[in-house]
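Below is one structure, written out as structure tokens; the observations come after it.
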Amino acid sequence: MGVEQKLGNLGIVTTTLEQAVAWSRNYAMWPMLFGLACCAIEMMAAQASDNDMSRFGMELMRPSPRQSDLMIVAGRVSRKMAPVLRRLYDQMPEPKWVIAMGDCASCGGVFNNYAIVQGVDEVVPVDVYVAGCPPRPEALIHGILTLQDKVVKKIKFAEKG
Amino acid sequence: MPDIFEVTVDDLKHLVSERAVTGETMLLNMGPQHPSTHGVLRLLLELDGETVVNCIPDIGFLHTGIEKNMEAKTYQKAEVMTDRLDYLNTVGNNLAYCMAVEKLLDLDVPPRAQAIRVILTELQRIASHLVWLGTAALDVAAMSTFLYCFREREDILDILELVSGQRMMTTYIRPGGLWRDVPVEFEAAVRDFLKMFPKRIDQYEALLTRNPLFLDRTLGIGKISAEEALNLGVTGPLLRAVGVKWDLRKARPYSGYEQYEFEVPTRTEGDVYARYLVRVQEMRESLKIVEQALNKLPMGPVRSNNRKYVPPPRSEIGVSMEALIHHFKLWTEGFNAPKGYVYSAVESPRGELGVYLESDGGPHPYRVHWRTPSFDNLQALPLMAKGHLIADLVAIIGSIDIVLGDIDR
């Protein structure tokens, strides 16, 4: 009703199939329900009442990697966890994206030691890094918007593999 | 790929019963990526139909090397590591560590600092219980509770941010006192919270306490006896839910807890529902403590005056040469702690959180060992889970309130 009346007759929108697909992927991107450490709590906060990530089309966290498009690596990745993480990534269907949330996932953070993988990009290709220890929910949402920007503008990602 | 090691099911097979080898029972892997394991816990389940015969936790997926890393840092800088142990109880971790350092150095903490420490740790306890309540309710399919709990948690995090500038990893409590005094808005913010929160607890209780679906999932599930709990070293709400009235805040008061009047809630049933009731009641008791501490919050300094160990306030550095020297020395080479070892413990939201600190006389701790409550509490899981359905196992894991950062360190 209201919106249509205000906009009047907009006519036809022409676009390429690629752009239409990118647009729809963008706003129905399902992240994997996968928390590692402290950042996972802030990831939960980003989805809860105050920050409500679903405003950006990210409301459906899928516990199964086979149903998800986006992996948010929320927390430190230990050497024992790294192969599990890689397997989860391999199980996700293409196209897939990875956000390294927090300093530990991005570069090892304060833990420069034997136990922690110094940045999750040693294990999986990362599209967006979010800084902070842990990042505020707003920072995570900013990271997600950056990723959406990349998806729509089709900025080339690093070769997956 | 970095050098890695992988634990397969075959590596754990010697732990299950004979029946699994013959194929009479089934082995099922649960985790480390599972929505109900509250982090990266992996369980190897031996199942007879849907009944759990054996449940073997495989931990270490979040092993961070925090204890070893602390040995490479000076006493002040090592504190940054403590926040990341049990990330739902960051203030409490700081408190346990600072109390150990203060014990080692024989430092006095001004009363104002002690009262603020109590206020913040109790607020943190409420925030931790809120995360527990939200996620544990989510495990038994009560989605809305999660949203309500996280709404109130934000208010507590706002208070922590107000005093320290960080929502979670505050490092606000420092050896010898606090980082700095609380801002003027602090008292009003806490009072607002105190006024608002009791009604919110009533809301959660209205959602869950008499909810028949919740009762069905929790009553009589995951029972252990008081004797078993004590033998396993279980502490915290789990122990109080089996009827043992043990709370370090009452039993070994620290940081001035002896001045405050509060009850230690206990139940005798020892099931998932009893743990829920204990934790909800604990939130109400925490409010009482915060209110009392705020009402008689003394004025005065928030840091010890011992310049050998505690950096001088910022305002002194510009006008006093000695202050500048102390500041420089403390933040570059640190201080040499006297030789010896101490143990100090606090009551974290999960139980007894202890830190053992050994000094060889140098500026770095020689050994730091954490006695973390989740680690000991998790040992009770196989006992609790035996004979229950897989769906109940999810409720039981939720009720233990494990934090994997606390277990694996």
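Chain naming here is simple, since letters A, B, ... match the order of the sequence lines and numbering starts at 1 in each.
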Check whether any side-chain heavy atom of B/Phe150 sits under 4.5 Å from a side-chain heavy atom of A/Gln47, and report yes or no.
no

Contact winner vs chain B - A/Ala48, A/Pro137, A/Ala37, heavy-atom pairs under 4.5 Å:
A/Ala37

Below 4.5 Å from any heavy atom of chain A, which atoms of B/Leu85 appear? Answer side chain, backbone, both or neither.
backbone

Looking only at atom types and distance, does a side-chain atom of A/Lys80 sit under 3.5 Å from a main-chain N or O of B/Ile59, one as donor and one as acceptor?
yes

Could you look at B/Thr90 and say if it's the side chain, the backbone, both or neither that has a heavy atom under 4.5 Å from chain A?
neither

Are A/Ile41 and B/Arg153 side-chain neighbours, meaning at least one heavy-atom pair lies under 4.5 Å?
yes

Under 4.5 Å from a heavy atom of chain A, the part of B/Arg167 involved:
side chain

Could you tell me the separation between the CG atom of A/Asp50 and the CD atom of B/Glu152, rounded to the nearest 0.5 Å?
9.0 Å

Taking atom CH2 of B/Trp331 as the centre, does the number of heavy atoms from other residues, nucleotides or ligands within less than 6.0 Å exceed 12?
yes

May I have the step-by-step check of side chain to side chain contact (heavy atoms under 4.5 Å, CB included) for B/Arg84 and A/Arg76, ending in yes or no?
CA-CA 10 Å; B/Arg84 282 134 186 104; A/Arg76 45 201 190 234; 3.6 Å; yes

Taking every heavy atom of B/Met168 against every heavy atom of A/Cys38, the minimum-distance pair comes out as CE-O, 3.8 Å

Would B/Glu154 and A/Asn51 satisfy side chain to side chain contact (heavy atoms under 4.5 Å, CB included), going step by step from the backbone distance to the final call?
CA-CA 10 Å; B/Glu154 290 289 318; A/Asn51 298 291; 4.0 Å; yes

Winner by heavy-atom pair count (cut-off under 4.5 Å) against chain A, out of B/Gln33, B/Arg151, B/His34, B/Gln166
B/Gln33

Given heavy-atom pairs under 4.5 angstrom as the criterion, report whether the side chain, backbone, both or neither of B/Leu147 touches chain A.
both

Kindly compute the distance separating CG (A/Asn112) from CG (B/Asn69), expressed to the nearest 0.5 Å.
7.5 Å

Take A/Arg136 and B/Glu161 through the test side chain to side chain contact (heavy atoms under 4.5 Å, CB included) and record every step on the way to the result.
CA-CA 11 Å; A/Arg136 303 173 59 87; B/Glu161 194 180 3; 2.4 Å; yes

Working to the nearest 0.5 angstrom, can you tell me the gap between B/Phe146 CZ and A/Met44 CE?
4.5 Å

With chain A, the option among B/Val40, B/Thr64, B/Leu62, B/Leu88 that has the most non-hydrogen atom pairs under 4.5 Å is B/Thr64

Do you know which two heavy atoms are closest between B/Gly65 and A/Ala115, and how far apart they sit?
N-CB, 4.0 Å

Chain A shares the most heavy-atom pairs under 4.5 Å, among B/Cys149, B/Gly60, B/Gly405, with B/Gly60

Minimum heavy-atom separation for B/Phe61 to A/Ser78, with atom names?
O-OG, 2.7 Å

